[in-house]
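For the single chain, residues carry numbers from 1 onward in sequence order. Each ligand, and each atom within it, is numbered from 1 in the order the structure gives.
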Amino acid sequence: MSLNDNIKIIRERVANAAIKANRDPKDIKLLAVTKTRTIETIEEALLNNIEFIGENKVQEAENKLPSLKGKFKEFHFIGHLQSNKINKLMELKPTLIHSIDKFSTANKLNNYLKQNSITQDILIEVNTSGEDSKFGVKPADTLAFIKSASQLENINIKGLMTISMFTDDKEIIRSSFTKLRNLFEEIRTLQITNIEMKFLSMGMTNDFEIAIEEGSNIVRIGTALFGARDY
Ligand SMILES: *Cc1c(COP(=O)(O)O)cnc(C)c1O
């Protein structure tokens, strides 16, 4: 199957999952995760109406994005951000950073932003599966984390992100997403200054339909679009 076919199929599956959940398909952003993919493959995706691309390593993004001839609307950074890579990442002008989970990183990012008189939209990554191998703030610590990060004036917290457990058990996956959505709603209700609960980034190739049922409005999809990754 061609990349164009895969893109069409995934858009259809996203739309069907939205309709099934009584949601408007237009409210769900399809982020094409282009990590490990070549410049040629990304160009082809852009020719086939992919508008939003996500990368998880600063150096890889730096090697690829500036050489792209095709236009993309938004670049999202979805990987773990090391504080010594902040400058390089910011040169790539990410629309959204999905994966802030440490106050020290948020603080360093804020300092960079202040010095350059700019602001940055970010999401807080939450470890909803409880696995040690995963990054993210613990669900129970998320509200306190957000309250302290809300003091960082050049950072705009726009929502939450999670990665569910890698399992075939749909109910375990769903419980991760429900947990994130409940946190999202809880924080939204509090109306904290400088915090807007707008984006709920959850769902990947294996679980995006469940994520959409649970309220996701950004799905991050790599494998289902581009095939298995070859590292
Ligand atoms: C790789 C990656 C994805 C995409 O995963 P697929 O299973 O290939 O769709 C989504 N989110 C993050 C944070 C990733 O690192």
Trainee: Which heavy atom of the protein is the closest neighbour of atom 5 (O) of ligand 1, given with residue, atom name and distance?
Mentor: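 Atom 5 (O) of ligand 1 sits closest to the protein heavy atom M204 CE, 3.5 Å.
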Trainee: Of all the atoms in ligand 1, which lie at a distance below 4.0 Å from a heavy atom belonging to I221?
Mentor: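 Close to I221: 9 (O).
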Trainee: Does the pair E171/R174 count as a salt bridge with the N-to-O cut at 4.0 Å?
Mentor: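 Salt bridge: yes.
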Trainee: Do S2 and D5 have side-chain atoms, one donor and one acceptor, less than 3.5 Å apart?
Mentor: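 Looking only at side-chain atoms, D5 and S2 do form a donor-acceptor pair, the distance falling under 3.5 Å.
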Trainee: Is I78 close enough to touch ligand 1? Criterion: a residue heavy atom under 4.0 Å from a ligand atom.
Mentor: yes
Trainee: Does an N or O anywhere in R229 fall below 3.5 Å from an N or O of ligand 1?
Mentor: yes
Trainee: With side-chain contact (heavy atoms from CB on, under 4.5 Å) as the test, pick out the partner of L160 among I124, L123, V137.
Mentor: I124
Trainee: Can a side-chain donor-acceptor contact be found between T38 and T41 if the only test is distance below 3.5 angstrom?
Mentor: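 Note: T41 and T38 side chains meet the donor-acceptor criterion.
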Trainee: Between Q82 and H80, is any side-chain donor less than 3.5 angstrom from a side-chain acceptor?
Mentor: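 The answer is no; no qualifying pair exists.
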Trainee: Do you know the tightest heavy-atom contact between I78 and M161?
Mentor: O-CE, 3.8 Å
Trainee: Could you check which of H80, E55, K35 puts a non-hydrogen atom nearest to atom 15 (O) of ligand 1?
Mentor: K35
Trainee: Can R13 and E209 be counted as an ion pair, charged N to O under 4.0 angstrom?
Mentor: yes
Trainee: Does at least one non-hydrogen atom of H98 fall below 4.0 angstrom from an atom of ligand 1?
Mentor: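 For ligand 1, residue contact (heavy atoms, under 4.0 Å) with H98 is absent.
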Trainee: To which protein heavy atom is atom 9 (O) of ligand 1 closest, and what is the distance rounded to 0.1 Å?
Mentor: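 Its nearest protein heavy-atom neighbour is T205 OG1, 2.5 Å.
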Trainee: When you compare ligand 1 with G222, is there at least one nitrogen or oxygen pair between them that comes in under 3.5 angstrom?
Mentor: yes
Trainee: Provide the number and element of each atom of ligand 1 under 4.0 Å from a heavy atom of R220.
Mentor: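 Answer for ligand 1: 4 (C), 9 (O), 10 (C), 11 (N), 12 (C), 13 (C).
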Trainee: For ligand 1, which atoms have a heavy atom of T223 less than 4.0 angstrom away?
Mentor: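 Selected atoms, number and element: 6 (P), 7 (O), 8 (O), 9 (O).
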